[in-house]
Amino acid sequence: MAIHVRCGTLFTGNEDIAHKSQTVIADDAGRITHVGPSATAPKPEKGDKVLDYSDLFVMPGLHDVHTHLAYGNAKTEEDIDLYQPMEFRAIRGLFFAQKCLAAGYTSICAPGDAGQISLSVRNAINFGLFDGPRVTAAGRYLTTRQGLTDWYPTWIGVPDTSIGRLVTSKDEAVEEIRVQAKNGVDCIKVALDGFQRRPDGEYIAAFTQEETDVIVTEAHRLGRKVVVHARGREATLYAARAGVDLIFHAYYLDDECIEAMLRSGSVIGPTMTFPRNIVDFTRPTEPAHIKGRIGAVQREYEDACANLRRAREAGIPMMTGSDSGFAVTPYGEWHAREIEIFVNDLGFTPAQALRAATSVTAGFMSNGETLGVLEPGRIADFIAVDGSPLENVALLQDKTRIRHVHLAGRRVEVPPRGYDPRQVTDQAWTNWNDLYTQERVRELGIRPERRQAATQAS
Ligand SMILES: [Zn+2]
């Protein structure tokens with residue numbers, strides 16, 4: 001039984017314009033067999049299903065390359081690493097993965113989570129036990145002393161339930177990559193930023209260039225992509241030179257980094273939603289505000305905008321990701337804010353930002369060549385939106401506008417179900433900040449800042 005989707009407007013993910021009165025046809029395996037004007041589309045055969053979305057905007061399902069399924073909307077690092085048992089975190093991860101799907105995100109990458117949580121969620125969905133988005137899964141971050149995720153004092157180390165896996169030599173790094181590959185991860189996550197800084201404030205990379213090269217070579221040899229956390233210039237440069245597939249943040253990149261990326265093909269996942277939400281939402285009474293952190297985040301955001309615009313103009317592709325999984329970026333709430341930021345602050349047109357969130361970001365996902373574009377041969381993952389995101393990308397953040405979500409042609413519905421963060425997440429003694437769902441932000445009377453789109457030619 002095929003489905004025929006009559007689309008009022010269709011954005012394929014392949015071009016910058018949308019087309020009126022189009023029909024998408026998918027076979028019973030969920031593969032697209034035809035896309036074109038409704039007037040000339042093949043007629044439905046007996047038993048085929050016709051969906052009338054003639055008042056809606058149909059586009060590929062959205063992709064978020066940066067959603068940590070095990071974090072649980074955490075308010076502290078300890079909540080991420082310590083308090084909840086791994087088994088509970090996996091069940092919770094599945095619950096939250098469904099929230100992402102309901103928001104129109106049919107594909108997410110979980111780049112760094114404790115244990116085998118993300119790949120278990122992925123498998124439970126792939127095996128048909130539960131509905132959920134397609135998940136591209138990493139295991140624990142490879143980290144080293146001084147590195148991100150090695151938070152605790154040396155006498156505690158990196159606990160087994162942490163998102164990090166401390167490797168203290170190249171051999172240990174290679175061994176960990178082999179373990180993770182055997183367990184079935186799709187990609188290897190590396191914490192490439194260190195905590196130590198030079199006198200001028202620059203972050204020192206956690207791993208050396210040589211160590212980074214060894215890690216990337218082994219991961220690629222085993223057919224795994226590599227994604228790194230690198231805000232600092234040095235970590236970004238090492239990653240780009242080593243041919244890392246995806247670099248998160250890259251806020252302090254310079255021309256040398258851009259050249260290395262152009263040579264190696266590394267792309268950037270800026271992940272601006274996380275700092276933007278911290279600046280816009282958190283209040284002076286919250287620990288997130290201590291030690292002038294908010295001012296520092298705001299300054300870093302502005303520096304990042306300037307640097308990332310240069311990278312974009314130089315031709316570095318950018319993927320959309322939100323760092324969902326923190327209390328400031330709860331699942332299913334702010335993923336599409338990244339698209340709005342791409343337009344307002346990074347110089348993308350709405351169409352370019354939508355393509356970033358679909359066909360471009362699909363490029364990092366497992367089987368990404370079958371996703372992200374509505375064209376014959378690809379999988380029919382799509383959403384039907386009330387209104388045109390080309391006219392206003394912000395409306396993708398309005399959950400009531402995401403009218404239908406389809407995975408491989410099939411319409412999926414996630415029952416709306418709330419939860420109490422005090423039971424589900426918060427176990428730590430102190431918190432960074434409140435849980436900022438869209439409802440909470442409205443309740444507090446906060447209006448996420450809508451800034452003027454940055455001038456295109458900067
Ligand atoms: Zn992250």
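Both ligands and their constituent atoms are indexed starting at 1 by order of listing. The figures here come from the full heavy-atom set of this structure, side chains too, leaving out hydrogens, waters and symmetry mates. It should be emphasised that the depicted structure is a prediction, and the values quoted were computed from it without experimental measurement.
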Next item on the list: Sequence neighbours left out, what passes ring pair (Phe, Tyr, Trp, His ring centres under 6.0 Å) with His68? Give chain and number order.
Entry: His66, Tyr71
Next item on the list: Name all residues meeting the ring pair (Phe, Tyr, Trp, His ring centres under 6.0 Å) criterion together with Phe96; count only those two or more places apart in sequence or in a different chain, and write none if there are none.
Entry: Tyr331, Tyr419
Notebook entry, point to check: Is Arg276 close enough and on-axis enough to Tyr301, meaning under 6.0 Å and within 45°, for cation-pi?
Noted result: yes
Check: Is Arg231 close enough and on-axis enough to Tyr252, meaning under 6.0 Å and within 45°, for cation-pi?
Finding: no
Next item on the list: Return each pair, listed once, that meets salt bridge (charged side-chain N to carboxylate O under 4.0 Å, His left out) where at least one residue sits in residues 83-108; pairs must be two or more places apart or across chains.
Entry: none
Check: Does the cation-pi check pass for Lys225 over Phe364, that is, NZ or CZ under 6.0 Å from the six-membered ring centre and within 45° of its axis?
Finding: yes
Next item on the list: Please report how many protein N/O/S atoms lie under 2.8 Å from the Zn ion (ligand 1).
Entry: 3
